[in-house]
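Structure first, then comments.
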Amino acid sequence: SVPMPYVNPVTPVTSFQVIALSGTKSANTAIVINGDIIVQRSDLTEWQGQYTLQSGSNTLKVTAMDVNGYQSEAVTVTVALDDTAPAVISTIPLNNASINTPLTSVIFSLADTYTTINLAATINEATAKNSSGQDIQGEWSTSGSNSVIFTPANPLGEGTYALTIY
């Protein structure tokens, strides 16, 4: 039987489509991931290679293969390619709502499938503009692990406003 390879720990969530993998293996074996040879057979016992991920969760079955084509049992590695920005799941007030009283804040609730949302980065370039495209003075802040709040310096009166987060 072919001994299983060792795979060095990998980051479970990444934004990079191509990841580097490495580890150790028996001499005179190749490294195969999901049926594709990523490291040719050699007498080296350390290996490294690259693998291209698909969006979302990826299950990598890593095996060593000997000269006769026999493969070891698989080492399973799970890596998620997070290439989607957090989604706005709700706002207060609702998007495109008509409000008949001055507005003292706007709250965005966000969700991300694979990672914790970096709220500081989200509000770093956030903007609030009136219908003429002029900046509205106010403060962007965060609440909990998934909310962003805009508090205008003066309540928002009648008009159309565009708030943008990143």
Side-chain angles (χ1 to χ4, degrees), residues 1-97 105-129 139-151 162-166:
S1 73
V2 180
M4 291 172 50
Y6 175 77
V7 181
N8 291 327
V10 297
T11 303
V13 178
T14 183
S15 59
F16 297 105
Q17 186 173 20
V18 177
I19 61 168
L21 296 163
S22 63
T24 57
K25 65 181 186 65
S26 295
N28 296 313
T29 60
I31 293 294
V32 179
I33 299 180
N34 293 353
D36 295 324
I37 297 173
I38 67 156
V39 176
Q40 294 296 323
R41 187 171 46 84
S42 72
D43 59 358
L44 298 175
T45 57
E46 291 187 6
W47 65 272
Q48 61 183 14
Q50 294 185 327
Y51 188 82
T52 302
L53 301 171
Q54 301 299 314
S55 292
S57 183
N58 292 260
T59 301
L60 312 182
K61 302 285 188 180
V62 183
T63 61
M65 184 171 65
D66 70 12
V67 66
N68 298 316
Y70 294 111
Q71 292 189 39
S72 69
E73 288 188 44
V75 175
T76 302
V77 177
T78 303
V79 181
L81 172 57
D82 185 0
D83 57 358
T84 305
V88 176
I89 55 173
S90 68
T91 59
I92 300 173
L94 294 175
N95 190 29
N96 296 319
S105 68
V106 177
I107 303 170
F108 294 83
S109 293
L110 309 172
D112 193 294
T113 304
Y114 299 106
T115 59
T116 301
I117 300 167
N118 183 340
L119 293 177
T122 299
I123 65 173
N124 189 42
E125 297 182 36
T127 60
K129 297 186 181 289
E139 180 183 347
W140 288 93
S141 60
T142 62
S143 177
S145 63
N146 72 335
S147 294
V148 172
I149 303 164
F150 177 70
T151 305
L163 280 69
T164 306
I165 57 174
Y166 296 93

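All values below come from the heavy atoms of this structure, side chains included, with hydrogens, waters and symmetry mates left out. Along the sequence shown, residues are numbered consecutively beginning with 1.
For the atom pair OG1 (Thr116) and CG (Asn146), the distance works out to 10.5 Å, reported to the nearest 0.5 Å. With rounding to the nearest 0.5 angstrom, the CG atom of Asn28 is 7.0 Å from the NZ atom of Lys25. Here the straight-line distance linking atom OH of Tyr166 with atom OG1 of Thr122 works out to 12.0 Å at 0.5 Å rounding. Rounded to the nearest 0.5 angstrom, Leu44 CG and Thr29 OG1 are separated by 10.0 Å. Expressed to the nearest 0.5 Å, how far CG of Asp82 lies from OG of Ser57 amounts to 11.5 Å. Note: Tyr114 OH to Ser55 OG = 8.0 Å, rounded to the nearest 0.5 Å.
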Listed pairs under 3.5 Å, donor-acceptor, residues 32-41 side chains, sequence neighbours left out:
unit_1 : atom_1 : unit_2 : atom_2 : d
Asn34  : OD1    : Lys61  : N      : 2.7
Asn34  : ND2    : Tyr51  : OH     : 3.2
Asn34  : ND2    : Thr59  : O      : 3.1

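In this structure, the side chains of Ser145 and Ile117 stay at 4.5 Å or more apart for every pair of heavy atoms. Contact annotation: the side chain of Leu163 never approaches that of Thr91 to less than 4.5 Å [non-hydrogen atoms, C-beta and beyond]. Contact check for Val77 versus Val10: side-chain heavy atoms found under the 4.5 Å cut-off.
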### Task
I would like to know whether Trp47 and Val7 meet side-chain contact (heavy atoms from CB on, under 4.5 Å); could you show each step before the answer?
CA-CA 9 Å; Trp47 65 272; Val7 181; 4.0 Å; yes
### Task
Show your working on side-chain contact (heavy atoms from CB on, under 4.5 Å) between Leu60 and Thr78 and close with a plain yes or no.
CA-CA 6 Å; Leu60 312 182; Thr78 303; over 6 Å; no
### Query
Which is it for Ile123 and Phe150 under the side-chain contact (heavy atoms from CB on, under 4.5 Å) test, yes or no, and what are the steps along the way?
CA-CA 9 Å; Ile123 65 173; Phe150 177 70; over 6 Å; no
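With sequence neighbours left out, Thr11 forms a side chain to side chain contact (heavy atoms under 4.5 Å, CB included) with no residue at all. Listed by chain and number, the residues in a side chain to side chain contact (heavy atoms under 4.5 Å, CB included) with Phe16 are Thr14 (sequence neighbours excluded). With sequence neighbours left out, the side chain to side chain contact (heavy atoms under 4.5 Å, CB included) criterion links Ala126 to Trp140, Ile165. Shown here are the side chain to side chain contact (heavy atoms under 4.5 Å, CB included) partners of Asn68, two or more places apart in sequence or in another chain: Asp66, Tyr70. Residues forming a side chain to side chain donor-acceptor pair (under 3.5 Å) with Thr63 (at least two apart in sequence, or on another chain): Gln71.
In plain terms, the two heavy atoms of Ala111 and Ile89 that are nearest each other are CB-CG2, 3.7 Å. Across every non-hydrogen atom of Ser143 and Leu119, the tightest pair is O-CD1, 4.4 Å. Counting all heavy atoms, side chain and backbone alike, Ser105 lies closest to Ile149 at CB-CG2, 4.2 Å. Here the closest non-hydrogen pair linking Thr45 and Ser26 is CG2-C, 4.5 Å. Across Val75 and Pro5, no two heavy atoms sit closer than the pair CG2-O, 3.1 Å. Of all the heavy atoms in Ser72 and Pro3, the pair that sits closest is CB-O, 3.4 Å.
Val18 pairs with exactly one of Leu53, Thr52, Leu81 by the side-chain contact (heavy atoms from CB on, under 4.5 Å) rule, that one being Thr52.
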